[in-house]
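Working notes, structure below.
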Amino acid sequence: PSPIDSADHDDWMGWISLGGNIASAPQVIANDDGRLEVFARATNNRILHATQNAANGVWRRDLMSLDGGLDGDDNFGSFAVERNWDGRLEIFAFFNKHSWVAQAWQNNANGAWHSWDKGNHINQLIGGAADGVFAVERFGEAGIEITADDGLRFDVGRRWLLVGSRRNNGRIHIRGQNSTGWWTDGRDIGQDSLRFIGTPVASRLRNGLLIIFARDETNRLWHIQEQSPDNWQAEWQSFSRYAVSGEPSSTLDSDGRLTVVVRSTSGQILLRREIFPAGNWADWETIEAEIADNSSPQIWRNPWGELQLFVRWGDGSIRTCRQTLGRVRAWGSWGNFGGNALYGPTVTAQANGMPIIFYVGIDRQLYFSFISHRTDREVTAIRKTDDKVTHLCNTSATWSPIDVDSAIDEIVTATQQYTLLTPEGLRNNIIVRQIVTTRPDASRDNNLASLPILAPEDAPFPAPPA
C-alpha cells in the first residue's frame, strides 16, 4: 500500500484490510510471545479475532469467530480482553441472552482458545449486568495473609485480573481473580445514588493503584480509585462539571502523570491531567478538533515519550496530533491518515515499540496501518571508542557510524526524558537530544558527552556494533 502522509514526521504504511463484517471498535492486545491479536464484534454479535504470524510480522487475513461452546442464538455486546499472569489471554463479554458476563481464555499462552464459559442461572461471573464490560490487571491484597477476597496469598508478584461491568441498576460492579479462581462474590463500588451509562474505563496510576472513570445519566464524568490494593474509596468523585460525549481514554505521560481525554458535546477534545503523579488534578484544557459523533478520542504515549492523540474526524478520516516534550508542552497540528471510518481508531505498540492503529470502515472491514520507520533524527545513545564518538543510536534503535571530525552536529541544549520500549521491557528516562544542523561545533564533545553511553549489554535493541 502507498505510504500515508500523516504530517507527523513518521512513515506510515497505507491502510491494509483484514476483512470482516464488524459492528464494534477493535481491541488489540499482545500475546506472551509478542504477537498482537485483534478482536472485534461482528454484525451477528459474535467475537472475531486475528493474529500476527510472528511478533512485528504480517497478519493472518482470516478473521476467525470465537464460537466454541455457543448455541445458535448466543451472542455478545461489549467486551474486554486482558492477559493473565501465565501469559494466557482472556476475554470477557456481555452475554446478551441472560444479561451476565461470560468469559473465554487461551488453553495456554499463545495457544488455542477454550470454549466459552457462559455461566448458568446459579453461577455466573457477574450477574445482573448491563452492556458495559471492562477489565484491567490488579495487584490484589498483600501476600502471606488471609483476606476475604484472596484467601491465603504467598504470590505477591503474580498478576491478577479485575473484571467489571455496569449493572442493570446503573451501578458499577467489580470482581477479582485470586489463586482459586475468582472472589466468591463481587462488589458494587461507590455510593448507590449514582446511575451510570456507557462502558467504564479503568486505568492504573503510577503508584500501581487503579482508578475507574464512568459517565452518569447526565453524561457527566465521575471517578473512583483505590486507596490501597482492593481498598476503594467509599464514594465516586465528580470529574467534570459539564456533560461529555463518549468514553474517556487515559495514559501515563513521561513524568508518570495520568492524562485523561474525552470528547466534548461540540466535538472538541477535553483534556485533564494530574498535577503530579497520583496527585491532584489540574483544570480542564481544550484541544480544537472536529471529532465525529459517537466516537471517543484515544490518547497514547508513543515510544518517544510524547503524548499522541488518535481520533475519528467528522468526515470519517483518522487523524493524529502529538504533544511536544520540553518545558512548553504544546500540541502540534493534526495529521490526516485518510480512511473512511465507522468505528475506532484503536492504537497500541508492536513488539518493536512502533505504533500500529486499527479502525473499522463504513464497509465494516477492519483496517490497520503502522510505522515502517522513523524519519526524524532523534538520538537516544552514543558509542565511544578511545574517547571518540563512533556511533549514534536513533529512536528506531538503529546504530549508525559517524565520522567524528566532519559529521558531528549541533545538539539542542534542552534535555528531554523519553521512555523507550525494548524487547527487554521499558527503559525509562533515556536522555534524547535532537541533531538539528550539520555544522561542526567546537563544543560538540561536551554536548555529546551528556548523552547516555551504552555498553552492549546495556543498549536498547540491537547492541551497538563492536
Side-chain angles (χ1 to χ4, degrees), residues 18-29 31 37-51 60-84 86 88-136 161-177 180-186 197-200 342-343 346 358 360 363-366:
L18 291 176
N21 192 14
I22 296 172
S24 77
Q27 295 188 33
V28 191
I29 192 169
N31 277 278
E37 192 155 351
V38 61
F39 300 79
R41 193 179 73 251
T43 52
N44 66 358
N45 289 328
R46 296 288 179 90
I47 303 299
L48 302 175
H49 70 121
T51 61
R60 298 170 183 170
R61 299 297 182 89
D62 50 343
L63 282 162
M64 304 295 292
S65 185
L66 290 174
D67 287 339
L70 298 182
D71 297 325
D73 59 347
D74 289 343
N75 55 70
F76 302 101
S78 59
F79 66 93
V81 187
E82 272 292 343
R83 190 167 65 242
N84 281 285
D86 58 2
R88 293 175 303 113
L89 301 185
E90 187 158 1
I91 185 169
F92 308 92
F94 176 70
F95 191 35
N96 285 318
K97 184 188 294 185
H98 297 299
S99 297
W100 61 55
V101 176
Q103 62 196 117
W105 54 87
Q106 290 176 322
N107 291 317
N108 48 64
N110 315 308
W113 283 82
H114 189 277
S115 297
W116 284 92
D117 180 353
K118 298 184 292 185
N120 54 57
H121 289 282
I122 298 174
N123 183 33
Q124 63 281 144
L125 188 61
I126 296 179
D131 195 0
V133 175
F134 64 98
V136 67
L161 300 183
L162 182 84
V163 62
S165 177
R166 185 167 50 85
R167 301 193 77 175
N168 51 25
N169 62 3
R171 301 192 66 188
I172 306 300
H173 189 86
I174 60 173
R175 191 174 181 186
Q177 277 181 332
T180 60
W182 294 88
W183 296 344
T184 303
D185 295 300
I197 61 175
T199 300
L342 181 64
Y343 301 108
T346 298
F358 296 81
V360 175
D363 57 3
R364 296 194 178 275
Q365 293 189 42
L366 178 62

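Source: prediction; values computed, not measured. These values consider heavy atoms only, across backbone and side chains, with no hydrogens, waters or symmetry-generated copies. The residues of the chain are indexed from 1 along the displayed sequence.
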Report task. Apply side-chain contact (heavy atoms from CB on, under 4.5 Å) to the pair N75 and F95, showing each step before the final yes or no. Result -> CA-CA 6 Å; N75 55 70; F95 191 35; over 6 Å; no
Rounded to the nearest 0.5 Å, how far does [atom2] of [Y] lie from [atom1] of [X]?
X	Y	atom1	atom2	value
M64	T51	CE	OG1	10.0 Å
N110	L89	CG	CG	8.0 Å
F94	S99	CZ	OG	4.0 Å
N45	F79	CG	CZ	11.0 Å
I91	W113	CD1	CH2	6.0 Å
F39	I47	CZ	CD1	9.0 Å

Query raised in the report: With the threshold set at 4.0 Å, does a side-chain nitrogen-carboxylate oxygen contact exist between R175 and D185?
Result: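 Result for this pair is no, no salt bridge flagged.
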Query raised in the report: Charged N to carboxylate O below 4.0 Å: is that the case for R166 and D131?
Result: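 The answer is no: the pair does not qualify as a salt bridge.
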Any side-chain heavy atom of [X] within less than 4.5 Å of one from [Y]?
X	Y	answer
N31	R83	no
H98	H121	yes
Q177	W183	no
V101	Q124	no
V163	F134	no
R88	E82	no
V38	L366	yes

Donor-acceptor contact below 3.5 Å, side chain [X] vs main chain [Y]:
X	Y	value
S24	R41	yes
R61	A50	no
N44	R46	yes
W116	L66	yes
E37	I29	no
T346	P26	yes
N96	F76	yes
N120	N123	yes
N84	D86	no
S65	L48	no

Query - Working for side-chain contact (heavy atoms from CB on, under 4.5 Å), residues N21 and Q365 - result: CA-CA 6 Å; N21 192 14; Q365 293 189 42; over 6 Å; no
Provide the closest heavy-atom pair for [X] versus [Y] in the form atom of the first, atom of the second, distance.
X	Y	value
R167	G127	NH2-O, 2.9 Å
A135	A80	N-CB, 3.7 Å
G19	I22	O-CD1, 4.1 Å
S78	T199	CB-OG1, 4.3 Å
Q27	V81	OE1-N, 3.6 Å
A93	V133	C-CG2, 4.2 Å

**Report entry** F92 ring center near W182 ring center (under 6.0 Å)
**Finding:**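 Ring centroids of F92 and W182 are less than 6.0 Å from each other.
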Query raised in the report: So N108 and Q106, side-chain contact (heavy atoms from CB on, under 4.5 Å) or not? Walk me through it.
Result: CA-CA 5 Å; N108 48 64; Q106 290 176 322; over 6 Å; no
